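When a ligand or atom number is given, it counts from 1 through the structure's own listing order. Keep in mind that what you see is a predicted model, and the values were worked out from it rather than measured.
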Amino acid sequence: MTPDLSREGLAQLLALEDFSPIYEEADRVRKEAVGDTVHIRALLEFSNHCRRKCAYCGLRAPRKDLPRYRMTPEEILASVRSAFEVGYRTIVLQSGEDPWYTPKLLGEIVQEIKRTTDMAVTLGCGELSREDYALLRQAGADRYLLKHETADEDLYQSLHPDGTLRERVNCLRTLKTLGYETGSGFMVGLPGQTPDVLAKDLLLLKDIPCDMAGIGPFLPHPETPLRDAAPGSAELTRRCVALARLLLPRANLPATTALTVRGDNGRVFSGGANVVMRKITPNAYKRQYEIYPAALPDTDIPAQRKLLEDQIRALGRVPL
Ligand code: SAM
Ligand code: SF4
């Protein structure tokens with residue numbers, strides 16, 4: 001059967017009793033379009049300061065009990081080098097929205113990474129002006145991750161007192177025109193989200209169109225306004241990843257950290273994902289980058305890379 005990927009069709013597919021034919025189709029499309037490679041990306045969370053108030057996030061500005069940190073440029077470069085030395089070829093530099101790192105300073109860090117390694121640099125530092133994105137692109141940044149979070153305007157507004165969906169999407173379109181490989185994505189299981197909203201989320205990925213899409217379950221954090229909300233379903237998240245594969249056959253689709261935190265790696269790979277991220281954030285900071293509660297192991301960059309490579313091979317896939 002050819003799945004119906006219209007808005008109505010997607011909402012119906014998400015609710016199927018037996019989704020296995022769609023998983024199989026997503027896996028087939030994945031294999032045909034991007035092969036068996038699983039790209040392993042190093043994720044460095046270099047600052048947990050944030051000026052925004054996203055209702056779901058443990059780093060939100062009003063949270064006064066969280067110790068905040070900023071890694072120095074030297075610390076950032078040392079972590080990146082450790083990842084490079086054990087085989088990582090992409091570094092993802094992620095942070096809260098923290099203007100302490102001016103675009104000039106971030107650009108210098110990117111330039112230094114590009115000068116000393118052949119790594120691709122992905123940034124995930126939130127919303128910036130066109131000029132700032134352009135400066136970072138000129139400095140050598142290859143990719144940018146900025147999830148649209150939810151494609152429903154009312155839901156977006158209820159979760160983001162300091163931004164609009166239109167601004168978010170404008171940033172994504174700007175990133176595309178500047179030549180970034182552009183990543184969006186959304187959370188599954190946000191309170192009030194319906195299958196129709198998820199269908200809109202999926203279609204927005206295609207509309208941009210995204211080169212990457214991070215789709216992860218919403219996980220409630222006890223120090224946020226959404227503390228009492230139910231967590232998003234892992235199964236529904238995997239369904240969304242599979243449908244994203246059908247809509248965007250060549251996209252890079254991570255098995256998001258939120259899913260791997262729950263130990264669902266293998267199953268999410270079977271449904272269309274072809275990327276995995278490993279945190280390389282130093283132990284001194286790692287547990288303070290608490291966007292949602294998670295029992296995180298200590299960072300051991302070589303051992304964790306090796307383990308992940310072995311796990312990927314055991315699934316019959318090829319780590320890169
Ligand atoms: N500040 C940047 C931004 O918002 O784009 C990057 C860092 S932010 C912590 C990265 C992602 O974390 C967000 O795009 C959001 O989807 C995710 N996130 C935050 N809180 C979450 C939660 N409680 N459950 C699941 N994902 C969450
Ligand atoms: Fe800040 Fe990003 Fe968390 Fe929003 S999701 S509060 S912008 S770190």
Side-chain angles (χ1 to χ4, degrees), residues 41 43-64 66 68-70 92-101 106 122-128 132-133 136 143-151 155-165 167-172 175 180 182-191 193 201 204-205 210 212-234 236-237 240 254-262 264 277 279 281 285-294:
R41 320 284 201 212
L43 171 61
L44 182 62
E45 300 149 325
F46 64 91
S47 164
N48 72 347
H49 286 258
C50 189
R51 62 180 172 186
R52 296 180 81 114
K53 305 189 191 84
C54 309
Y56 42 81
C57 180
L59 305 188
R60 62 201 302 273
R63 201 177 155 200
K64 300 294 177 222
L66 178 71
R68 304 275 176 171
Y69 70 88
R70 291 187 173 108
V92 182
L93 297 178
Q94 199 192 76
S95 66
E97 271 193 26
D98 182 3
W100 186 88
Y101 296 88
L106 268 181
T122 304
L123 298 176
C125 310
E127 292 179 33
L128 299 171
D132 293 346
Y133 285 142
L136 292 166
R143 308 178 185 141
Y144 206 100
L145 295 177
L146 186 80
K147 297 190 198 183
H148 67 258
E149 315 294 4
T150 174
L155 184 55
Y156 190 97
Q157 216 51 69
S158 73
L159 299 171
H160 302 98
D162 37 18
T164 65
L165 179 59
E167 286 161 358
R168 198 80 174 168
V169 173
N170 278 344
C171 285
L172 286 163
L175 290 162
Y180 281 94
T182 302
S184 185
F186 55 91
M187 280 172 281
V188 176
L190 289 167
Q193 193 181 55
D201 281 318
L204 181 53
L205 300 181
C210 290
M212 310 174 270
I215 300 170
F218 156 70
L219 299 174
H221 189 293
E223 300 298 332
T224 65
L226 299 191
R227 62 181 66 83
D228 295 325
S233 141
L236 192 54
T237 305
C240 288
T256 60
T257 331
L259 265 188
T260 52
V261 159
R262 292 160 37 142
D264 287 328
M277 296 198 196
K279 288 176 193 260
T281 311
Y285 307 124
K286 196 175 190 179
R287 286 174 192 85
Q288 291 164 27
Y289 199 87
E290 196 195 54
I291 56 182
Y292 42 72

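- In this structure, Arg168 contributes its side chain and Gly163 its backbone to no donor-acceptor pair below 3.5 Å.
- Under the 4.5 Å side-chain criterion, counting only non-hydrogen atoms from C-beta, Ile291 is not in contact with Glu45.
- Under 4.0 Å from ligand 1, the heavy atoms of Tyr292 that appear belong solely to its side chain.
- Between Pro220 and ligand 1 there is no heavy-atom distance shorter than 4.0 Å.
- Relative to atom 5 (O) of ligand 1, the option among Lys147, Glu127, Arg168 with the closest non-hydrogen atom is Arg168.
- Here the shortest heavy-atom distance to atom 14 (O) of ligand 1, taken over Arg51, Glu149, Arg52, belongs to Glu149.
- Using a non-hydrogen distance threshold of 4.0 Å, Gly185 does not register as a contact of ligand 1.
- In this structure, the separation between OH on Tyr292 and CE on Met187 is 10.5 Å, given to the nearest 0.5 Å.
- Taking the six-membered ring for Trp, His221 and Tyr56 have ring centres at least 6.0 Å apart.
- Rounding to the nearest 0.5 angstrom, the gap separating the OG1 atom in Thr164 from the OH atom in Tyr156 is 6.5 Å.
- The distance from atom NZ of Lys147 to atom CE of Met212, rounded to the nearest 0.5 Å, is 11.5 Å.
- For atom 27 (C) of ligand 1, the candidate residues are Gln94, Arg60, Met187; the nearest heavy-atom contact is made by Met187.
- Closer than 4.0 Å to atom 7 (S) of ligand 2 lies at least one heavy atom of the protein.
- By heavy-atom distance, the residue among Gly58, Cys125, Ser95 lying nearest atom 1 (N) of ligand 1 is Ser95.
- Heavy-atom distances between Tyr289 and ligand 1 reach below 4.0 Å in at least one pair.
- Here is the list of ligand 1 atoms found below 4.0 Å of a heavy atom in Pro217: 24 (N), 25 (C).
- Here the straight-line distance linking atom OH of Tyr69 with atom CZ of Arg287 works out to 11.5 Å at 0.5 Å rounding.
- Listed by number with element, the atoms of ligand 1 under 4.0 Å from a non-hydrogen atom of Gly124 are 6 (C).
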Please lay out, stage by stage, how Leu43 and Arg41 fare under the test side-chain contact (heavy atoms from CB on, under 4.5 Å). CA-CA 6 Å; Leu43 171 61; Arg41 320 284 201 212; over 6 Å; no

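- Taken from OG in Ser47 to CD in Gln288, the straight-line distance is 11.0 Å, to the nearest 0.5 Å.
- Heavy-atom separations between Gly216 and ligand 1 are all 4.0 Å or longer.
- Heavy atoms of other residues, nucleotides or ligands lying less than 6.0 angstrom from NZ of Lys53 number 12 at most.
- By the 30° and 60° cut-offs, the orientation of the rings of Tyr180 relative to Tyr133 is perpendicular.
- Here atom 3 (Fe) of ligand 2 has protein N, O or S atoms under 2.8 Å from it, and they come to 1.
- Arg63 meets the salt bridge (charged side-chain N to carboxylate O under 4.0 Å, His left out) test with Asp65, Glu290; sequence neighbours excluded.
- Counting the atoms of ligand 1 from 1 in the order shown, those under 4.0 Å from a heavy atom of Tyr56 are 19 (C), 20 (N), 21 (C), 22 (C), 23 (N).
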